[in-house]
Novice: 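A single structure is presented below for examination.
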Amino acid sequence: TEEVLYCIGCGAGLQTDQPKERGYTPKSAYDKGVESGELYCQRCFKLRHYNQLEKVQMTPAEFRQILHEISEDNALIVNVIDIFDVQSTIIPALERLVGNNDIVFVANKVDLLPSDVKSSKIEAWLKKYLKDQGFKARNVFLTSAVKNKAIDDLFSFIDQHRKGRNVYIVGVSNVGKSTLINSMLRAQGFSDSVITTSQFPGTTLDLIKIPFDEASDLIDTPGILKDSQMTSLLDYKSIEQILPQKRIKPRTFQLNPGQSLFLGGMARFDYLEGDKQGVTVYLSNQVDIHRRKTEGSDEFLAKHQGDLLTPPSASEVERFPDLVGQVYTIKAPCDLVIAGLGWLSIKKPGKVAIYAPKAVDIFQRKPLI
Ligand code: GDP
């Protein structure tokens, strides 16, 4: 039998005949890659060259299995979450699933937050949040993988605390695991060639290993795309649009009861009762916000979703779920978070509603900013 070669981007075993399966690469690209020694699967090739994201990577069952396997290793766990989407990128059962292993939390993408926000405040907020969620682990790093913030600190911490153990980077999809690992490696002067792959028993997934020394590795694990995130309802063009790439410019709208905001065509905010107030929206700058009167908004959405109100794009509208409303009574300043999309910050008491696809989680939390 022929030797299996592996993608140097994601570690998948390469194959040339099943385009829909993991590790697919067209035959011509495969042959070229063998010659040059630069073998990528089509997915990684697209990601590198066109910056396209791939959607599904692992099923929740496979993800739990991997965490379970990790629990049997004596390891240091680095859990990457997205500071822009904390609630839905946290893995509630993580501590239970990884057993007695130490966990370090890395809140990535801090570059997206407005520049006047103090890191100390965010860190305090996050620590309290993790504590309230029942996490015992207290080590928190605020990083930006693209702006190289706190990357060296994180690497030094990992290197000091791993004590000869393997280090696993875990997290749901799109939190920036790969980008973070790349920036740590770059900072350490590693090159691609050190990357090896291995497979976890019982799964079809290949993990990427980067050797620390003879006995231990830094191990990248694939993520799951949670159904509760807006991103799981969209294709990658729209995902790119809603995943903020640049620092978020908060947008404030003065609203009277009876007025609504559309966040693209994906969600709607209704101001139902209260005094006139400014509501601030934290959302990818690439998504338009449309203010109008609440009356007739259902018809307005039906008419304009996919053209004036995007994402979803015209081609995604058909399978985009209906928006379902949920009423919230606001007593103190809070954020209403729409998983995977962003949040609205509300200061004054009143009654509001959020409309979003039913599968997408909405959270009410203390103001992050
Ligand atoms: P993974 O699925 O967890 O490995 O995530 P990726 O590394 O593929 O990153 C997902 C998306 O988030 C990509 O579009 C990255 O460019 C972006 N990203 C990763 N890290 C950062 C960061 O620190 N800041 C910002 N703004 N974007 C980031």
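Order of appearance sets the numbers: ligands from 1, and atoms from 1 within every ligand. Computation of the quantities below employed the complete heavy-atom set of this structure, encompassing side-chain atoms and omitting hydrogens, waters and symmetry-equivalent molecules.
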Novice: Indicate yes or no: does an N/O atom of S173 lie under 3.5 Å from an N/O atom of ligand 1?
Specialist: no

Novice: If we ignore angles and hydrogens, is there a donor and acceptor under 3.5 Å between the side chains of Y168 and N101?
Specialist: no

Novice: Centroid separation under 6.0 Å, is that true for the rings of F300 and H290?
Specialist: yes

Novice: Any salt bridge between K347 and D275, counting N to O under 4.0 Å?
Specialist: no

Novice: Suppose I only count heavy atoms of S144 and a 4.0 Å limit; which atoms of ligand 1 are within that range?
Specialist: 23 (O)

Novice: For N148, does the CG atom have more than 12 heavy-atom neighbours from other residues, nucleotides or ligands under 6.0 Å away?
Specialist: yes

Novice: Looking only at distances, can you tell me whether any N or O atom of G176, backbone or side chain, sits closer than 3.5 Å to an N or O atom of ligand 1?
Specialist: yes

Novice: Mind checking whether V175 contacts ligand 1 via backbone (N, CA, C, O), side chain (CB onward), both or neither, at a 4.0 Å heavy-atom cut-off?
Specialist: both

Novice: As a check for students: among N174, N148, I169, identify the option with a heavy atom nearest to atom 10 (C) of ligand 1.
Specialist: N174

Novice: Residue-level breakdown please: for T179 versus ligand 1, do any non-hydrogen atoms fall below 4.0 Å on the side chain, on the backbone, on both, or on neither?
Specialist: both

Novice: Below 4.0 Å, non-hydrogen atoms only: which portion of V146 touches ligand 1? Side chain, backbone, both or neither.
Specialist: both

Novice: In ligand 1, which numbered atoms sit nearer than 4.0 Å to a non-hydrogen atom of L112?
Specialist: 26 (N)

Novice: Mark yes when over 12 heavy atoms from residues, nucleotides or ligands other than K246 sit less than 6.0 Å from its NZ; otherwise mark no.
Specialist: no

Novice: For ligand 1, which atoms, with element, lie under 4.0 Å from some heavy atom of S178?
Specialist: 4 (O), 7 (O)

Novice: Applying the ring-ring contact (aromatic ring centres under 6.0 Å, His included) test to F105, which of Y129, F135, F157, F141 qualifies?
Specialist: F135

Novice: May I ask you to identify, for Q245, whether its side chain, its backbone, both or neither come under 4.0 Å of ligand 1 on a heavy-atom basis?
Specialist: both

Novice: Are S284 and Q241 packed together at the side-chain level, in the sense that at least one heavy-atom pair is separated by less than 4.5 angstrom?
Specialist: no

Novice: Under a plain distance cut-off of 3.5 Å, with no hydrogens placed, do D213 and S216 share a side-chain donor-acceptor pair?
Specialist: yes

Novice: Considering distance alone, does some N or O of A145 sit under 3.5 Å from an N or O of ligand 1?
Specialist: yes

